[in-house]
Enquirer: 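First the structure, which I've put down as structure tokens, then a few questions once you've had a look.
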Amino acid sequence: MKDVNINKTKRGLFAVLAVGFLLLGACKKEEWLSPEPSTLITDETAFATPERIANQVNGMYAKFKADRFWGSWYLIASDIRAGDFLCTNLNAATGAITYQMLTQTTTGDVTDIWQYGYLAINTCNVFIDGINAKGKEVLTEAEAQQYIAEARLLRAVAYYSLLQLYARPFWDGNGSKPGLPIRLNGNTTPGNYDLARSSVQETYEQIIADLDFAEANLPTSYSSAFLNTTRAHRNTAIALKTRVYLSMQAYEQVINEANKIVSLSAPFSATDGVQHALEADIQNVFKAPYTTNESIFSMPFTNNDAPGQSLARYYLPGTTDGGTSSSNGAGEYSLNPDGVISSANWKENDARRAFIKQGPRSGKYWLFKFTQASPYTDYAPVIRYAEVLLNLSEALARNSQTVDERSLALLNAVRRRSDPSSNFAAIDFPDMQTFLAAIAEERRIEFLGEGIRNADIMRLGLNVPAKAQHAVPAVAPDAQNYIFPISSDELILNRLMENN
């Protein structure tokens, strides 16, 4: 059987239709009009047994971790905009237009991330519809609600991710600017796809509603560290809410959520559910088995299930410039020597410096946080416990407008894990802006290459930094190219969609 083949000119919303057939096993788009083979799992049988439903769950995660979405490209596109990476070949590198802040409605990055983001969303919607229509006949109520909760969590992350690239930040109009078309019903056949954009506020409200449902219905833990890292559980939903509320500048809500999984004092940890805590050695977080208690949620890959486009491929150099036979890539993006790696506050004895290596031939600096050579089986991190601690640290400071004692301790916990010689004291910060700047810089250091910096720039209303080496000017928050335009595919197929 052949995979679903969608015409390039119709891949936007039309592509999401394919998920019904990918999820349920269909072979080609003509089968919308033709009988299906008797051996095929159809929408009538896909939810007929618990085993088949479990397979649909796996398919849902598979769509979410597609290489053009959370398998790598959402993270990469977010980071190469944000100033800490340099494109090594503007004429050939994937993402060079995004890097130069020149995206148009037809740019591949714009159309692909939109397409695969909504493909993941539609996969979740089709699955939820199937559980409600047929799955509840063979599952217990608790099982059905758990599966729906997993789908709603993945849908929430997908909507949140698309907001960070395609919509104005929440602070601009307090959420009143155009957000995303909120699709909550699955599409498996051609139909009418006209749907106006909801506001940013409404989109965030849907994200929070999904995560609240997930928190209430997900298990507290699974039977193995692997499942606790790669399947959504209750603490996953809570952790993600700290990220979402931070983007909304809802600092009290960040504190309320984080307090559910962060102890009041060091050593900080979650005392209920999965026992999340900082890993003693950060190097362990990014190497096999990738299942430390710090890794709240990650996308797994194996030799038989590897992303076509990967983090390591873009960030690792080839073997002629420091890569090895087991750790090399295409070297399309090196680290900006004038970016965060040049910070005097990032000391040479900091363990995170080990992720950075200088190429012996080019002199470029390369990120070795993701180290596996082809077929690139590094897990793609979605959220780590270190982020929850820094989300809480920032929220406490912004909410109190003081160098809050607990906020300072949380910042120190993340810094001292990798640099025991450092210890921030309140006296080091003459004003709030200095303290907040220290938290922001710690985030840049800690999450370098993990797709977080662009969202931080957006939510803080900062300029997208210039890339002087390529004459790419800084982009101010009020500039049109501060965010991605809406995909041309969506504009063609959705007559109610506006690119504003």
Enquirer: Judged by atom type as modelled, is there a donor-acceptor pair below 3.5 Å linking the side chain of D67 to the main-chain atoms of G308?
Expert: yes
Enquirer: Look at the side chain of E446 and the backbone N and O of E387, then say whether any donor-acceptor pair between them is shorter than 3.5 Å.
Expert: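 Side chain of E446 to backbone of E387, a donor-acceptor pair under 3.5 Å: no, none is there.
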Enquirer: Between T123, I121, L154, V126, which is the residue that forms a side chain to side chain contact (heavy atoms under 4.5 Å, CB included) with K63?
Expert: T123
Enquirer: Using the ring-ring contact (aromatic ring centres under 6.0 Å, His included) rule, collect all pairs that involve residues 221-262, keeping only residues at least two apart or in two chains.
Expert: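 Output for this query lists H233-H276.
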Enquirer: Less than 3.5 Å apart, any donor N or O on the side chain of N349 or S421 sitting next to an acceptor on the other?
Expert: yes
Enquirer: Who pairs with A330 by side chain to side chain contact (heavy atoms under 4.5 Å, CB included), at least two apart in sequence or on another chain?
Expert: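 Counting only residues at least two positions away or on another chain, A330 forms a side chain to side chain contact (heavy atoms under 4.5 Å, CB included) with R313, E332.
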Enquirer: Is a side-chain N or O of Q283 found less than 3.5 angstrom from the main chain of A351, in a donor-acceptor match?
Expert: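 Yes.
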Enquirer: S310: what forms a side chain to side chain donor-acceptor pair (under 3.5 Å) with it, not counting sequence neighbours?
Expert: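 So S310 forms no side chain to side chain donor-acceptor pair (under 3.5 Å) with any residue.
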Enquirer: Look at atom OH of Y365 and say whether more than 12 heavy atoms of other residues, nucleotides or ligands are closer to it than 6.0 Å.
Expert: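 Atom OH in Y365 is not crowded, with 12 or fewer foreign heavy atoms closer than 6.0 Å.
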Enquirer: Does S327 reach the main-chain N or O of T371 with its side chain, forming a donor-acceptor pair under 3.5 Å?
Expert: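 Between the backbone of T371 and the side chain of S327 there is a qualifying donor-acceptor contact (under 3.5 Å).
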Enquirer: Would the distance check show the side chain of T229 and the main-chain N or O of A225 forming a donor-acceptor pair, the cut-off being under 3.5 Å?
Expert: yes
Enquirer: Is it true that a side-chain atom of R415 and a backbone atom of S422 form a donor plus acceptor pair closer than 3.5 Å?
Expert: no
Enquirer: Between I282 and F286, does the side chain to side chain contact (heavy atoms under 4.5 Å, CB included) criterion hold? Intermediate values first, please.
Expert: CA-CA 7 Å; I282 193 171; F286 295 96; 4.2 Å; yes
Enquirer: Flag the pair D456 and R459 as a salt bridge only when some basic side-chain nitrogen lies within less than 4.0 angstrom of an acidic carboxylate oxygen.
Expert: yes
Enquirer: Between N122 and Y118, is there a donor-acceptor pair closer than 3.5 Å when you use the side chain of the first and the backbone of the second?
Expert: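 No.
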Enquirer: Report the relative orientation of the aromatic rings in Y290 and Y379; use parallel for angles under 30°, tilted for 30 to 60°, perpendicular for over 60°.
Expert: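 Correct class here is parallel.
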Enquirer: Hey, could you give me each pair passing side chain to side chain donor-acceptor pair (under 3.5 Å) that has a residue in residues 160-174? Not counting sequence neighbours.
Expert: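 Qualifying pairs: W70-S161, Y160-S247, Q164-Y204, R168-D172, D172-K177.
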Enquirer: Just wondering, are more than 12 heavy atoms of other shown residues or ligands nearer than 6.0 Å to CD in Q275?
Expert: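 Correct, the count exceeds 12.
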Enquirer: Is D350 reaching over with its side chain to a backbone N or O of R352, donor-acceptor style, under 3.5 angstrom?
Expert: yes
Enquirer: Using side chain to side chain contact (heavy atoms under 4.5 Å, CB included) as the criterion, list what pairs up with S343, not counting sequence neighbours.
Expert: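 If we apply the side chain to side chain contact (heavy atoms under 4.5 Å, CB included) test to S343, skipping adjacent residues, the hits are N345, W346, E441.
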Enquirer: Does anything in residues 231-240 pair up under salt bridge (charged side-chain N to carboxylate O under 4.0 Å, His left out), and if so which pairs, sequence neighbours excluded?
Expert: E150-R231, R234-D272
Enquirer: Quick check: do N336 and F85 have side-chain heavy atoms less than 4.5 Å from each other?
Expert: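 Side chain of N336 against side chain of F85, heavy atoms only: no contact under 4.5 Å found.
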Enquirer: On the six-membered ring of F368, is K357 placed so that its NZ or CZ lies under 6.0 angstrom from the centre and within 45° of the ring axis?
Expert: yes
Enquirer: Partners of T203 by side chain to side chain donor-acceptor pair (under 3.5 Å), sequence neighbours excluded?
Expert: none
Enquirer: Check residues 210-220 and write down every donor-acceptor pair under 3.5 Å in which the side-chain atom is one partner and the other belongs to a residue at least two apart or another chain.
Expert:
residue	atom	partner	partner atom	Å
D210	OD1	R152	NE	2.7
D210	OD1	R152	NH2	3.0
D210	OD1	R155	NH2	2.8
D210	OD1	Q206	NE2	3.0
D210	OD2	R155	NE	2.9
D210	OD2	R155	NH2	3.4
D212	OD1	K241	NZ	2.7
E215	OE1	K241	NZ	2.5
E215	OE1	K260	NZ	3.2
E215	OE2	K260	NZ	2.9
N217	ND2	F213	O	2.9

Enquirer: Could you give all pairs that pass the ring-ring contact (aromatic ring centres under 6.0 Å, His included) test and reach residues 393-449, with sequence neighbours left out?
Expert: F424-F429, F429-F435
Enquirer: Tell me the salt bridge (charged side-chain N to carboxylate O under 4.0 Å, His left out) pairs involving residues 398-414, sequence neighbours left out?
Expert: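 Sorted pair list: E394-R398.
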Enquirer: For Q309, does its backbone N or O pair with a side-chain atom of S72 as donor and acceptor, under 3.5 Å?
Expert: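 Yes; judged by distance alone, with no hydrogens or angles, the pair exists.
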Enquirer: Applying side-chain hydrogen bond (donor to acceptor under 3.5 Å, both in side chains), run through N412 and R417 and close with a yes or a no.
Expert: CA-CA 8 Å; N412 274 323; R417 182 261 294 272; over 6 Å; no
Enquirer: Looking at residues at least two apart in the chain, or sitting in another chain, which of them share a side chain to side chain contact (heavy atoms under 4.5 Å, CB included) with N454?
Expert: S78, R81, L165, M458
Enquirer: Just by distance, no angles: are the side chains of T302 and D305 close enough, under 3.5 Å, to form a donor-acceptor pair?
Expert: no
Enquirer: Between K369 and L448 (side chain of the first, backbone of the second, donor and acceptor by atom type, cut-off under 3.5 Å), is there such a pair?
Expert: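 The answer is yes, because a donor-acceptor pair under 3.5 Å joins these two groups.
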Enquirer: Less than 3.5 Å apart, any donor N or O on the side chain of Q253 or E257 sitting next to an acceptor on the other?
Expert: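 Checked: Q253/E257 side chains show no N/O donor-acceptor pair below 3.5 Å.
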Enquirer: Mind checking what makes side chain to side chain contact (heavy atoms under 4.5 Å, CB included) contact with R444, not counting sequence neighbours?
Expert: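 Residues passing side chain to side chain contact (heavy atoms under 4.5 Å, CB included) with R444: D84, V340, R453.
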Enquirer: Could you please spell out the steps behind the side chain to side chain contact (heavy atoms under 4.5 Å, CB included) verdict for I80 and L86?
Expert: CA-CA 7 Å; I80 63 177; L86 294 178; over 6 Å; no
Enquirer: Do the side chains of K287 and D378 get close enough for a salt bridge, i.e. N-O under 4.0 angstrom?
Expert: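 Judged by the 4.0 Å cut-off on N to carboxylate O distance, K287 and D378 do not form a salt bridge.
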